[in-house]
Amino acid sequence: MKLKYFLILLTCSLSTLHSQDFSKVDKLALQIPDSLTQSSQGIANYINSKFTNNKDKSRAIFIWIAKNIQYDIDNMFAINFYQSKSEIINNILKNKKGICMHYAELFNDIANKTNIKSFVITGYTKQNGFVGFIPHAWCGAQIDSAWFFFDPTWGSGYVENGKFIKQVNNYYYKTKPEQLIKSHMPFDPLWQFLNSPVTHQNFYDGKTQVDNKKSSFNFTDTLKLYESQSEIERYVSESNRIEKNEVKNSLLFDRLQHIKREIEYYNNKKHTEEQNAKVKDYNSATVSYNEGINLLNAFIQYRNTQFKPKKSDEEIKNMIPPAEEKLIESKLILDGIKEPEVTILGLIKALNKSTDDAINNLNEQKTFLKKYFNTAKPFRKSLFYKYTWMGIPIN
């Protein structure tokens with residue numbers, strides 16, 4: 001693909017679609033002091049201080065980017081959608097230069113900081129009947145309860161003869177979904193913002209006329225669900241939607257493979273975290289067991305000395321419950337470990353048996369104490385001895 005096709009914009013025929021006069025907003029937006037343009041928050045603060053409605057705010061963001069950011073011809077093919085968002089934004093503001101993902105991430109970040117709900121959208125494009133072979137990024141934002149598209153890259157100029165020609169194109173500001181689908185195809189059909197999404201095959205064939213009477217997809221409800229989902233849930237849902245809407249080209253295939261790798265990574269990470277949590281629980285159970293055993297042994301040792309040095313009955317009674325509490329705690333922790341890996345299953349079984357044995361021993365001590373306290377004090381000492389039928393005492 002020749003470079004001139006990447007960002008050629010139909011400036012003559014399309015720029016007339018936006019007849020609104022933006023001059024007042026544009027003039028004020030382009031007066032942002034340089035000291036505030038070092039961060040997206042600084043730009044957002046200025047815009048919030050000068051404009052009150054989302055339409056004017058979105059225009060201010062769009063025109064500032066279009067006028068101040070230069071397209072990076074040298075790196076136009078070096079697209080990495082998985083780079084850190086903060087790194088992307090810092091780089092474009094520092095260098096005032098970037099490619100589509102930089103433009104989109106910057107617009108999206110400033111928009112969200114001015115209380116405009118916005119999302120970065122990735123997909124591929126079509127110009128002059130030719131479907132591009134590199135991915136593209138743009139934004140979708142909600143203005144006055146309706147969803148529109150903003151492509152600050154294509155809206156800032158075009159490439160011709162290997163050079164970037166800076167020229168604002170308002171067609172890519174606040175573009176309606178049924179208009180942008182003619183040239184921009186998201187990987188995920190959710191981001192078409194259409195209740196009757198265009199298939200990838202129809203996009204290739206140029207059959208992008210939207211039939212508003214035909215509704216096969218409720219993007220509003222799906223978008224609400226998307227906002228409530230975790231990252232992994234979003235990946236799973238996106239994967240399902242992409243596969244349902246056909247995998248037409250290598251860009252879609254690469255995106256789908258990336259999503260599936262993310263899902264696999266998450267599942268492996270989740271499995272590892274779950275197993276680590278089980279090991280941690282096992283270790284906690286071991287600590288409780290050891291504490292219980294130490295307390296139980298302290299009682300047995302005291303019993304072996306025939307309760308010397310002397311303690312009150314209440315003090316003797318209070319020696320058993322802490323040991324019992326720790327052993328039961330160990331048992332409960334072990335019982336809560338479900339489906340452990342083989343590597344710790346044997347350890348869990350062994351500790352379970354040791355805990356059961358210790359609890360049985362403890363119950364024997366409780367039985368002894370019950371008998372001890374039910375025996376008159378003058379006769380208690382005899383309980384420390386066991387007698388055979390021959391009458392020989394065994395301590």
Side-chain angles (χ1 to χ4, degrees), residues 3-18 20 22-23 25-32 34 37 40 43-44 46-47 55-79 81 88-111 114 116 118-128 132 134-141 143 148-175 179-180 182-184:
L3 294 184
K4 66 178 182 179
Y5 290 126
F6 180 56
L7 287 176
I8 291 179
L9 306 181
L10 307 181
T11 56
C12 295
S13 60
L14 299 180
S15 60
T16 57
L17 291 178
H18 284 288
Q20 181 180 346
F22 302 117
S23 58
V25 174
D26 290 1
K27 181 179 180 180
L28 196 55
L30 296 175
Q31 293 176 358
I32 301 177
D34 289 343
T37 64
S40 58
I43 298 171
Y46 177 89
I47 291 173
K55 185 170 72 171
D56 288 347
K57 289 180 180 181
S58 67
R59 176 62 190 182
I61 301 168
F62 180 87
I63 195 64
W64 187 88
I65 293 174
K67 286 288 190 177
N68 287 278
I69 304 301
Q70 186 78 11
Y71 189 75
D72 189 358
I73 291 289
D74 295 335
N75 293 297
M76 63 187 299
F77 297 110
I79 299 176
F81 289 130
I88 289 174
I89 294 166
N90 289 337
N91 285 343
I92 192 172
L93 288 176
K94 178 182 178 181
N95 302 315
K96 296 298 188 290
K97 180 186 288 188
I99 56 177
C100 62
M101 65 177 182
H102 298 92
Y103 280 83
E105 289 291 353
L106 181 58
F107 180 95
N108 184 70
D109 193 55
I110 299 173
T114 57
I116 297 174
S118 174
F119 299 94
V120 172
I121 299 169
T122 57
Y124 58 100
T125 58
K126 184 178 184 180
Q127 294 184 85
N128 302 325
I134 59 175
H136 187 53
W138 59 99
C139 292
I143 309 295
F148 297 94
F149 291 112
F150 300 80
D151 189 339
T153 313
W154 285 24
S156 65
Y158 58 96
V159 175
E160 185 174 72
N161 297 325
K163 294 183 178 181
F164 179 65
I165 309 301
K166 211 163 198 25
Q167 183 174 311
V168 175
N169 191 320
N170 290 321
Y171 179 76
Y172 297 104
Y173 163 72
K174 202 165 168 278
T175 313
Q179 293 173 339
L180 198 73
K182 300 178 188 300
S183 59
H184 290 55

Test of ring centre spacing under 6.0 Å for Tyr173 and Phe150
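Here the rings of Phe150 and Tyr173 have centres that are less than 6.0 Å from each other.
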Just by distance, do the side chain of [X] and the backbone of [Y] share a donor-acceptor pair under 3.5 Å?
{"X": "Asn108", "Y": "Ala104", "result": "no"}
{"X": "Lys96", "Y": "Leu93", "result": "yes"}
{"X": "Asn95", "Y": "Lys97", "result": "no"}
{"X": "Asn161", "Y": "Lys163", "result": "no"}
{"X": "Lys166", "Y": "Tyr71", "result": "no"}

Does the plane of the ring in His136 sit parallel, tilted or perpendicular to the ring in Trp154? Use 30° and 60° as the thresholds.
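The rings of His136 and Trp154 sit tilted, inter-plane angle from 30° to 60°.
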Spacing of Ser183 atom OG and Trp138 atom CH2 [to the nearest 0.5 Å]:
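Between Ser183 OG and Trp138 CH2, I get 8.0 Å after rounding to 0.5 Å.
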After noting the C-alpha distance and the side-chain angles of Tyr158 and Asn169, does the key distance pass the side chain to side chain contact (heavy atoms under 4.5 Å, CB included) rule?
CA-CA 9 Å; Tyr158 58 96; Asn169 191 320; over 6 Å; no
Non-hydrogen side-chain atoms of Phe22 and Asn170 separated by less than 4.5 Å:
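Yes. Closest side-chain heavy atoms under 4.5 Å.
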Taking salt bridge (Lys or Arg N to Asp or Glu O under 4.0 Å) as the test, write out the residues that go with Asp109, two or more places apart.
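By the salt bridge (Lys or Arg N to Asp or Glu O under 4.0 Å) rule, Asp109 matches Lys113.
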Results of salt bridge (Lys or Arg N to Asp or Glu O under 4.0 Å) for Asp56 - residues two or more places apart only
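Here no residue qualifies.
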From CA spacing to verdict: side chain to side chain contact (heavy atoms under 4.5 Å, CB included), Tyr171, Gln179:
CA-CA 9 Å; Tyr171 179 76; Gln179 293 173 339; 3.6 Å; yes
Using side-chain contact (heavy atoms from CB on, under 4.5 Å) as the criterion, list what pairs up with Ala111, not counting sequence neighbours.
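In terms of side-chain contact (heavy atoms from CB on, under 4.5 Å), with neighbours along the sequence ignored, Ala111 is linked to Ile61, Phe107, Ile116, Ser118.
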